[in-house]
Every structure is written in structure tokens, then in C-alpha cells.
Number of protein chains: 2
Amino acid sequence: MATRANGIKRTYQNTEQRQSTIVEAVVHLCGEQDPSTLTTARITEEVGLSQGALFKHFPSKSCLWESVARWVSEQLDQRVFSVADEHERADKALEAMFLAHIRFIARNPGIPRLMLGELQKPGNRPAKRIVRQTLSNYRQKVITLINRGVGQQCITATIDTEAAAVLYLGAIQGLVVQAMIGGDIQSLEQTAPRIFRLYSASFQEVSDAPQA
Amino acid sequence: MATRANGIKRTYQNTEQRQSTIVEAVVHLCGEQDPSTLTTARITEEVGLSQGALFKHFPSKSCLWESVARWVSEQLDQRVFSVADEHERADKALEAMFLAHIRFIARNPGIPRLMLGELQKPGNRPAKRIVRQTLSNYRQKVITLINRGVGQQCITATIDTEAAAVLYLGAIQGLVVQAMIGGDIQSLEQTAPRIFRLYSASFQEVSDAPQA
DNA sequence: ACAATAAAAGTAATCAATTACTTTCTTTAA
DNA sequence: TTAAAGAAAGTAATTGATTACTTTTATTGT
């Protein structure tokens with residue numbers, strides 16, 4: 001007893017733990033396959049549960065995706081946005097955040113698929129709203145940093161701030177797409193510094209660091 | 001008579017015409033909904049055919065996607081890559097190609113969804129191979145142009161060419177994602193020149209045009 | 001008339017969700 | 001302290017809807 005048809009011992013977890021387990025399994029699976037082809041059966045197989053058990057913890061598949069989107073948003077906050085605060089100089093903060101984001105993606109290759117996949121869906125599903133909100137925050141964070149950099153005179157005052165924010169996110173996108181084409185996730189972290197160096201060349205002051 | 005259940009008159013086309021009609025309908029529909037959710041029923045409804053009729057012209061849905069990918073590749077050749085040849089100076093050619101690409105996307109909003117969606121799928125489906133090949137060609141075209149620009153002394157000789165090619169495609173990606181977030185495709189063409197100006201600032205020679 | 005083109009009706013497979021029921025965990029009263 | 005009661009977490013099987021694809025029947029231009 002206490003076993004399933006395939007002989008694997010059943011493990012009991014409370015709903016909170018299970019939800020975390022399942023959400024992280026989804027993120028992991030997105031690294032291996034297109035999110036839109038992820039079935040509830042595949043997800044529960046990954047965590048060692050029967051297909052129906054999923055609905056003990058999420059009222060619907062759509063609610064599961066909402067939880068996944070929230071998880072991604074929190075992780076970006078903790079692992080990417082937060083590193084910017086450790087730097088006084090805005091250009092250094094931008095670079096640190098850029099590299100942290102690439103590191104995060106390299107460790108969780110499903111993330112871009114997840115976010116892009118959600119953005120591609122039409123309508124206003126909750127999960128899409130969360131992704132949109134997260135990217136909006138990100139954009140605002142970059143704009144604020146660039147403006148601070150202008151004040152610190154490490155970024156040229158003539159910069160087109162909004163364009164620079166778009167290009168910042170584009171630089172990350174470009175790296176990701178390049179990795180997708182090559183099918184080589186590991187190349188991400190190697191190439192990232194070169195991309196950021198080129199990106200920052202577009203707004204760097206000629207003079208050296210003014211402070212610190 | 002000569003009508004279908006819904007009263008729409010039946011129209012006869014030979015297979016070649018039908019294939020074109022269907023492929024273009026798919027591209028159009030990708031502008032409105034996630035490609036992975038496109039059903040054969042939705043596609044045929046769009047062109048005014050019964051669902052089963054699709055398989056008179058394509059042996060399988062996968063073959064249809066292959067044709068769609070080929071169509072996109074050809075359009076990129078004709079409407080984007082070709083404009084680069086109209087400019088002697090490499091930096092002007094890059095700019096023209098960039099803006100042509102954005103114009104192409106603005107006219108066919110389904111294109112990024114289509115290509116990204118295909119890239120996100122794992123494995124080596126024919127359609128994915130075509131998209132990958134197309135993007136590889138694109139990348140090589142950009143690299144060649146940048147190198148020519150160095151020779152023409154309108155691009156700084158110290159440039160990291162490969163990084164510049166990644167950032168070029170990233171700039172387009174960034175614009176597209178930004179438009180996806182805002183849900184505003186029309187903003188694309190307005191913002192594009194600003195993004196390219198910033199992008200080109202990263203490798204522009206300080207001196208003015210050397211020739212022409 | 002007849003071959004091409006399409007509609008209509010079907011099929012097997014797949015999917016999210018539900019059901020009826022079992023096992024484990026947790027709480028609490030004696 | 002502990003055993004009984006109930007809540008929570010699990011399974012296996014099934015459902016209705018949807019899907020890509022097939023087969024059969026009807027219509028059309030030549």
C-alpha cells in the first residue's frame with residue numbers, strides 16, 4: 001500500500017508545498033518544451049503525482065499559469081532587480097543587473113519561453129497581465145537608473161532615455177534569440193559582457209569615472 | 001445552391017492559388033492569435049472553406065507550417081534584405097534594412113509571433129529549420145555590412161562585429177516586445193528611428209561621412 | 001460526362017477537468 | 001497519551017470537448 005500503479009512510493013505534501021513543487025516543475029519543463037504544449041499529465045508526471053491530483057492544488061490550469069507568472073516575477077525581483085541596489089554608480093548598476101538577468105536565464109532556460117509565450121497570447125489573461133506588469137517595472141527601473149547616470153555624469157546628457165531602455169531589453173532579447181538559434185544556452189553568459197560593452201558604448205561619457 | 005451551410009458562395013481555386021491564399025491567411029491570423037492555438041478549422045473558416053478541404057492542398061498541418069515559414073523567408077528576402085543593396089554606404093544600408101524590417105513587421109504583426117513561436121519549439125521540425133536558417137542568413141548579412149562599413153571608415157575599426165550583429169537583431173526584438181507590452185503595433189515605426197540612432201551611436205566614427 | 005474542387009460527416013486521439021473512492025495527516029476529547 | 005473523527009491529499013477511471021486527419025458525397029467548370 002501507499003504506492004501507485006507504477007510502484008513509486010506516494011509522498012504527501014500540504015498544498016502550499018505542492019504548489020511550489022508544481023510551479024517549479026513547470027518552470028523547469030519550459031526549459032525543455034514549448035509552454036503551450038505542456039499538458040497537466042506531463043506536469044504531474046514530472047512531480048510524481050497522478051494527473052487529477054493537480055486540481056487539488058490549482059482550481060484550473062489557467063490558475064497554475066498565473067502562479068507560475070507570479071513566481072517568475074518574484075524571482076526577477078530577488079535575483080535581478082535587487083543587485084542594482086548594490087551599486088552606487090548607475091552604469092555599474094545597469095551592468096550588474098544586465099549580467100544578473102542573463103545568469104538567471106542561463107540557470108532557468110525556460111524563462112524567456114515562458115514570458116514570450118505569455119506575451120504572445122492575445123486577450124488579457126491574468127498570467128499575461130503579470131508578465132506585462134513585470135516588464136513594465138523593469139523598463140521603469142532601467143529608465144530611472146539611466147537618469148541617475150546622467151546626474152552622476154557617467155552617462156551622456158544627450159541620451160535618448162526611452163530608446164536606451166528599449167535597447168537594454170532588446171540586448172537581452174537578442175542574446176536569448178541568438179542562443180535559441182544556436183541551441184546553446186551556455187554561450188549566453190560568455191557573450192553577455194561583450195554585448196553590454198557595446199550597448200553601453202552608445203551612451204558612455206568620454207571622460208572616466210567622476211566619482212568613487 | 002452553389003452555397004455552403006452558412007450561405008457563403010463556394011469559390012473554386014486550383015491548388016496553387018489555394019496554397020497561397022491559405023498561407024497568407026495563416027500569416028494574417030498570427031497577427032491576432034498565438035500560432036500554437038491556430039486550428040485548421042479557424043484557418044479554413046478565414047478563407048471560406050470547410051475544415052477538411054485544407055488537406056486537399058496540404059498533406060498535413062506541419063507541411064502547412066513549413067510553407068508558411070518559407071513564405072516568411074521569401075518575404076524577408078524581397079522586402080528587407082534587398083533594400084540593403086540600394087545603398088553604397090554600409091551604415092546607410094544597415095539603417096535602411098532595419099527600418100524596412102520594422103515596416104514589414106508593422107504591416108504583418110504576426111511575423112514575430114510566428115518566428116519566435118517556431119524557434120521556441122524543441123526538436124528539428126522543418127519549419128524551425130527554415131526560421132533558423134533565415135535568421136542565420138540575416139546575422140551573416142549584418143556582419144558583412146558592418147565589416148564593409150569598417151572598410152569604408154564609417155564604422156569604427158575597434159567594433160566587436162559579432163556583438164554588433166546580436167545587438168542589431170536585439171534592437172528589433174526589443175522594439176517588438178515593447179510593442180507587445182503596449183499592445184500598440186503602430187508605435188513601432190515611430191520609435192524605430194530613435195532606436196537605430198542609439199544603436200548606431202555605439203559604433204559610429206566621430207568624423208563625418210568619408211565618401212559619397 | 002467527367003475530373004477537379006469543395007462540403008459534410010465521420011474517426012481516433014488527446015486534453016483539461018471531474019468523479020468516486022482511498023490513504024495519510026492533524027486535531028482533539030477522554 | 002492516545003485513539004477516534006474529520007480534513008487534506010492522493011489515485012484510477014471517466015467525461016465531454018476539441019483536435020488533426022479521413023472518407024464519402026455533392027457541386028462546378030470544361
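First the proteins, then the strands, lettered A, B, ... as listed; each starts at 1. What's counted below: heavy atoms across the whole structure, side chains too, no hydrogens, waters or symmetry copies.
Listed pair A:Arg18 / D:dA8 fails the phosphate criterion, with no side-chain N or O lying under 4.0 Å from OP1 or OP2. One finds no side-chain N or O of A:His57 lying less than 4.0 angstrom from the OP1 or OP2 phosphate oxygen of D:dA8.
Using a cutoff of 4.0 Å between basic side-chain nitrogens and carboxylate oxygens, B:Arg42 and B:Glu46 are scored as salt-bridged. A salt bridge does not link A:Arg70 to A:Glu74: none of the charged side-chain nitrogens sits closer than 4.0 Å to a carboxylate oxygen.
Looking only at side-chain heavy atoms (C-beta outward), A:Arg194 and A:Leu198 stay at 4.5 Å or farther from each other. Using a 4.5 Å heavy-atom threshold, the side chains of B:Glu162 and B:Arg139 count as touching.
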For nucleotides 17-22 of chain D, read 5' to 3', which letter fits each nucleotide if B means a protein heavy atom sits under 4.0 Å from the base, S means only the sugar-phosphate is that close, and - means neither?
-> --SBBB

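Ring geometry for B:Tyr199 versus B:Phe98: interplanar angle under 30°, hence parallel rather than tilted (30 to 60°).
The CD-P distance, from A:Glu45 to D:dA12, rounds to 13 Å in whole Å. Between the CD1 atom of A:Ile43 and the P atom of C:dA17 there is a distance of 11 Å, given to the nearest Å. Across the protein-nucleic acid pair, A:Gln13 atom CD and C:dC25 atom P stand 11 Å apart, rounded to whole Å. Regarding A:Leu54, its CG atom lies at a distance of 14 Å from the C1' atom of D:dT11, rounded to whole Å. Across the protein-nucleic acid pair, B:Gln17 atom CD and C:dA6 atom C1' stand 15 Å apart, rounded to whole Å. In this structure, A:Leu49 atom CG and C:dT23 atom P are separated by 17 Å, rounded to whole Å. Across the protein-nucleic acid pair, A:Lys56 atom NZ and C:dA16 atom C1' stand 15 Å apart, rounded to whole Å.
Counted by atom type alone, B:Gln51 and B:Thr40 present one or more donor-acceptor pairs between their side chains at under 3.5 Å.
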